[in-house]
2 protein chains.
Amino acid sequence: MTITDVAKAAGVSVATVSKVVNGRYGVAPATYERVMSVVTELGYETSLVASSLRRRRTNVIGVLVTDFEPYSAELLKGVGAAAHGTGYELLAYAGWTTEGPAVGWEKRSLSRLAGTLIDGAILVTPTVLMPDTSVPVVAIDPHTGRGGPSTIDADNIGGARAATDYLVSIGHRRIAHLLGRVDLESSHLREAGYRASLEAAGIGFDPGLVREGDYRRSTGHDSTLVLLTGPEPPTAIFAANDLSALGALDAAHELGVDVPGQLSVVGFDDIPDASSVSPRLTTVAQPLHEMGAQALQMLVGQLNGDDSGRLHHHLRSTLVVRETTAPPAR
Amino acid sequence: MTITDVAKAAGVSVATVSKVVNGRYGVAPATYERVMSVVTELGYETSLVASSLRRRRTNVIGVLVTDFEPYSAELLKGVGAAAHGTGYELLAYAGWTTEGPAVGWEKRSLSRLAGTLIDGAILVTPTVLMPDTSVPVVAIDPHTGRGGPSTIDADNIGGARAATDYLVSIGHRRIAHLLGRVDLESSHLREAGYRASLEAAGIGFDPGLVREGDYRRSTGHDSTLVLLTGPEPPTAIFAANDLSALGALDAAHELGVDVPGQLSVVGFDDIPDASSVSPRLTTVAQPLHEMGAQALQMLVGQLNGDDSGRLHHHLRSTLVVRETTAPPAR
DNA sequence: CTGTTAGCGCTTTCAA
DNA sequence: TTGAAAGCGCTAACAG
């Protein structure tokens, strides 16, 4: 079902059909009617691909993610809600298909889509700096806070500080940390918050208590297994995100370690699963919906030419105490 | 940054670059190296749009949704998880931008994307029957169970029956129902389950207790307001989905009606919000992740030519009793 | 082994 | 008011 089929059926040229479909001037009313009736009868819709190749704008905004996991799904809801009434449609693209290295996926995705399919992009957790992009871009939880595109993130260092402070306040001294993805700024900031808290409490930093977490459930699981079976296991774990915290919970369960009786666990993000697992996860909440919504608003602003320059929005993060934290067993 | 730029920089023809990039035979090693070095230096990636226009396959599967709301986001996670390792990339498209009628949105989206951008599509809650599609299609929670494409859904009638049976079992007699989207089969089935339960319990059907819910929070809210301020308010509400159930909770809260003390509420779907609101929502859980995963597997099967014909998978739904249900006040 | 050419579906000048 | 033709970026058939 192409424009050529419609043109043939209506007995006019392809160009005329294009004009009718796009509401251009210079078409006789009778012709307009005839073409339109054929269009509705055949159910023709202009191909996004073909028209985007020729045209400048598509009115489609791309949300580029590595994967559709809980974190990006939450952001997506926020982006989606904010997109209503803006006249833009949304296209979410998961561009990392296990082949090749994850680092740089957003460059590939953006190159493949920008300039043609999408008018602008929201990059979720991009891993590299992209100085020159062909379309407006807003990054959520980016590699680095400055120099690149406009960014949105939550208070990573403050959130991590609050989480660790809380663990200290209820009596923990041996507090482990599961690192995030080392290619993301958020990961370093959360570690920094963790360290700052220990230092403020006068607790010496023990490198043996810091392990990779990678923001992934399986990695969190594996590292926790190592931690708990070591000579001097921690009494609490602060994981750089909820997914790896859930992995820690998995490992504790596997070893028969009671949470929070023998081990406290704190995550970061507050994805939906955090409040539905049992026991419910204590975590640092980021306003994910709002972050998505603000990203969309910033991008639409840029697309509409509100030249407000590079923006960097920092949203608040708040500790949510649930059921995976308790004073250490003595 | 187009293929022409690369060709120019490498001093070869566009066709040669294409061959190198796509790993075709018939390129001298020296040429290959030179072109490749230019490609990496310039960071060139082939445009998905342009290549899809010319080529047959794109290795991209489209997930077509009206909107990124909790229900479709959960499905998306399941689809995403199942897509790993299949060699397909995922593209989720939200095609309904408030302009024009919602009914038929999937036809428009599919026409715009199919044949060029995507090799196959997963349609989430499609509203019309689509007899002839240009690409393989799997529908989740479709308009109608038979005759169209392959489908996935959960036990709607059994779930609704279980929900209403439970309300009856704890003593409710005046049980209202918030309808779903009338263009979806699931909505009718859930109403049928509700009615069957009433009949089995010997409770007369009262049309005044059935109101529109539309699967939306705001509609659920409005209808509940009407219900609760009427002459003979219900003691329980079975909403056709969680979103409208949350709307009912909003309304009850607004009127100072205690849930579950003065009003019981049951939803359907078990979206993440159901277990994180307060009080936590009693609901009928659908295995959303699994539904998404199965949809992807079915579609990949079709794309790979496993001609197993039209499939119709029915998954189980289970009542999850939480905190919004209690015996009626006397 | 390399380049020329045609064409995917569409929009947009520009002539007729 | 209409249509012919060029071209968006790319791939594939075919010459050279």
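Between chain A and DNA chain D, the heavy-atom contact criterion of under 4.0 Å yields a 5' to 3' nucleotide range of D/dT1 to D/dG9.
Judged purely by atom type and a 3.5 angstrom limit, A/D5 uses its side chain to pair as donor or acceptor with the backbone of A/T2.
In this structure, the helix from C/dC1-D/dG16 to C/dA16-D/dT1 shows an angle of 50° between the axis at its start and the axis at its end, each fitted on 5 base pairs and rounded to 10°.
Under the rule for a salt bridge (charged side-chain N to carboxylate O under 4.0 Å, His left out), B/K19 has no partner lying at least two apart in sequence or in another chain. The side-chain contact (heavy atoms from CB on, under 4.5 Å) test applied to A/A295 returns A/I122, A/V138, A/I140, A/I152, not counting sequence neighbours. Partners of A/D141 by salt bridge (charged side-chain N to carboxylate O under 4.0 Å, His left out), not counting sequence neighbours: none found. The salt bridge (charged side-chain N to carboxylate O under 4.0 Å, His left out) search around A/R34 returns none, not counting sequence neighbours. Applying the salt bridge (charged side-chain N to carboxylate O under 4.0 Å, His left out) rule to B/E69 yields no partners; only residues at least two apart in sequence or on another chain are considered. In this view, A/P136 and A/L299, A/Q302, A/L303 satisfy the side-chain contact (heavy atoms from CB on, under 4.5 Å) rule, not counting sequence neighbours.
Within a heavy-atom distance below 4.0 Å of DNA chain D, the residues of residues 29-41 of chain A found are A/T31.
A donor atom on one side chain and an acceptor atom on the other are not found under 3.5 Å apart for A/H313 and A/D153. Between the side chains of B/S37 and B/Y32, not a single donor N or O lies within less than 3.5 Å of an accepting N or O.
By the 4.0 Å N-to-carboxylate-O rule, A/R57 lies too far from A/E89 to be salt-bridged with it.
Among pairs with a residue in residues 22-32 of chain B, none fulfils salt bridge (charged side-chain N to carboxylate O under 4.0 Å, His left out), at least two apart in sequence or across chains. Sorted by first and then second residue, the salt bridge (charged side-chain N to carboxylate O under 4.0 Å, His left out) pairs involving residues 76-85 of chain A (not counting sequence neighbours) are A/E74-A/K77.
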Classify every nucleotide of nucleotides 10-16 of chain C by which part a protein heavy atom approaches to under 4.0 Å, writing B for the base, S for the sugar-phosphate alone and - for neither, in 5'-to-3' order. BBB----
